[in-house]
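Okay, so here's the structure we're looking at.
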Amino acid sequence: MTDHRAQVEELLADYRRSREHLLAVQRELAAITESVSTGDGLVTATVGARGTLTGLELAAEAYQRYRPAELAEEIVRVTQAATIKALAGAGQVLSPALPRETDPQALLLGTADLGVFAPDVPAEAEEESFEHKSWVDRA
């Protein structure tokens, strides 16, 4: 019985270490922000780890320098560039916590193959049902 207790304690310790590691990864992901500015510095977009726009700074001169359609294009361009940087950073943070075959950026974008997280189960095992079988020996 002592051997089982030691195994349970080891499993609990592994669980706690994994949980703490995942919490640290989550905190690092939440802290990621990236900003990109236009060459002239008049437009700056800031995004979070998943590319969500969290800040947009437009200098007063931006309204004079750019026509409305050009300004909109610049906003989209710097936001996309900041998103690429943020996703790269998030991928670096997330990568050590994922199985080797997993693309962290694809996971963040929702396009990853999640098959690496599911155990391989033979098709016949999925279809077998024990619902109507008796386990009582009828001797």
Side-chain angles (χ1 to χ4, degrees):
M1 185 126 174
T2 310
D3 189 39
H4 292 298
R5 182 177 295 264
Q7 288 176 335
V8 169
E9 290 299 322
E10 183 60 33
L11 287 172
L12 284 172
D14 286 345
Y15 166 74
R16 288 183 189 109
R17 281 190 296 273
S18 294
R19 185 183 65 195
E20 289 302 317
H21 181 254
L22 288 175
L23 287 172
V25 167
Q26 186 179 28
R27 282 190 295 272
E28 284 183 63
L29 286 173
I32 290 175
T33 61
E34 290 291 344
S35 297
V36 172
S37 298
T38 54
D40 57 15
L42 298 179
V43 178
T44 301
T46 303
V47 301
R50 296 186 70 195
T52 304
L53 184 65
T54 58
L56 181 62
E57 296 175 27
L58 303 173
E61 297 85 30
Y63 298 107
Q64 297 164 354
R65 165 86 166 71
Y66 298 107
R67 299 169 82 187
E70 292 171 329
L71 181 57
E73 287 175 7
E74 288 298 313
I75 291 170
V76 169
R77 188 184 63 73
V78 295
T79 301
Q80 288 173 337
T83 298
I84 290 168
K85 287 176 64 176
L87 285 174
Q92 288 177 345
V93 168
L94 198 54
S95 185
L98 297 173
R100 186 170 286 135
E101 305 83 25
T102 306
D103 178 359
Q105 290 186 351
L107 184 65
L108 290 166
L109 293 171
T111 60
D113 174 16
L114 300 181
V116 296
F117 294 104
D120 290 332
V121 178
E124 61 273 3
E126 289 180 8
E127 296 174 12
E128 190 172 1
S129 170
F130 298 104
E131 185 176 345
H132 299 294
K133 291 187 179 183
S134 174
W135 298 99
V136 179
D137 186 16
R138 296 184 186 178

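Note that the numbering runs from 1 along the sequence shown for the chain. Keep in mind the model is a prediction, meaning the values are calculated, not measured.
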CG of Leu87 to CZ of Arg50, rounded to nearest 0.5 Å, is 9.0 Å
Quick one: pull up CD1 in Ile75 and OG1 in Thr44 and give me the separation to the nearest 0.5 Å. 10.5 Å
What distance do Thr46 atom OG1 and Leu53 atom CG have between them, rounded to the nearest 0.5 Å? 7.5 Å
Using modelled atom types only, decide if a donor and an acceptor are shared between the side chain of Thr83 and the backbone of Thr79 within a distance under 3.5 Å. yes
So, for Ala86 and Gly48, which heavy atoms are closest and what is the spacing to 0.1 Å? CB-O, 3.2 Å
Under 4.5 Å between side-chain heavy atoms, hopping through other hydrophobics if needed: is there a path connecting Ile32 to Leu107? yes
Shortest non-hydrogen contact from Ala45 toward Val78: CB-CG2, 3.6 Å
If every non-hydrogen atom of Ala49 is compared with every non-hydrogen atom of Ala90, which pair is closest and at what distance? O-CB, 3.8 Å
Measuring from atom CD of Gln26 to atom CG of Leu94, what distance do you get when rounded to the nearest 0.5 angstrom? 11.0 Å
Pairs flagged by side chain to side chain donor-acceptor pair (under 3.5 Å) wherever residues 53-69 is involved - sequence neighbours left out: Asp40-Tyr66
Is a side-chain donor or acceptor of Thr38 paired with a backbone partner of Val43 at a separation under 3.5 angstrom? yes
Step by step, work out the salt bridge (Lys or Arg N to Asp or Glu O under 4.0 Å) result for Glu74 and Arg77. CA-CA 5 Å; Glu74 288 298 313; Arg77 188 184 63 73; 2.9 Å; yes
Leu58 and Leu71, any side-chain heavy atoms less than 4.5 Å apart: yes
Minimum heavy-atom separation for Val25 to Ala97, with atom names? CG2-CB, 4.2 Å
Under 4.0 Å between a side-chain nitrogen and a carboxylate oxygen: does that hold for Glu10 and Arg16? no
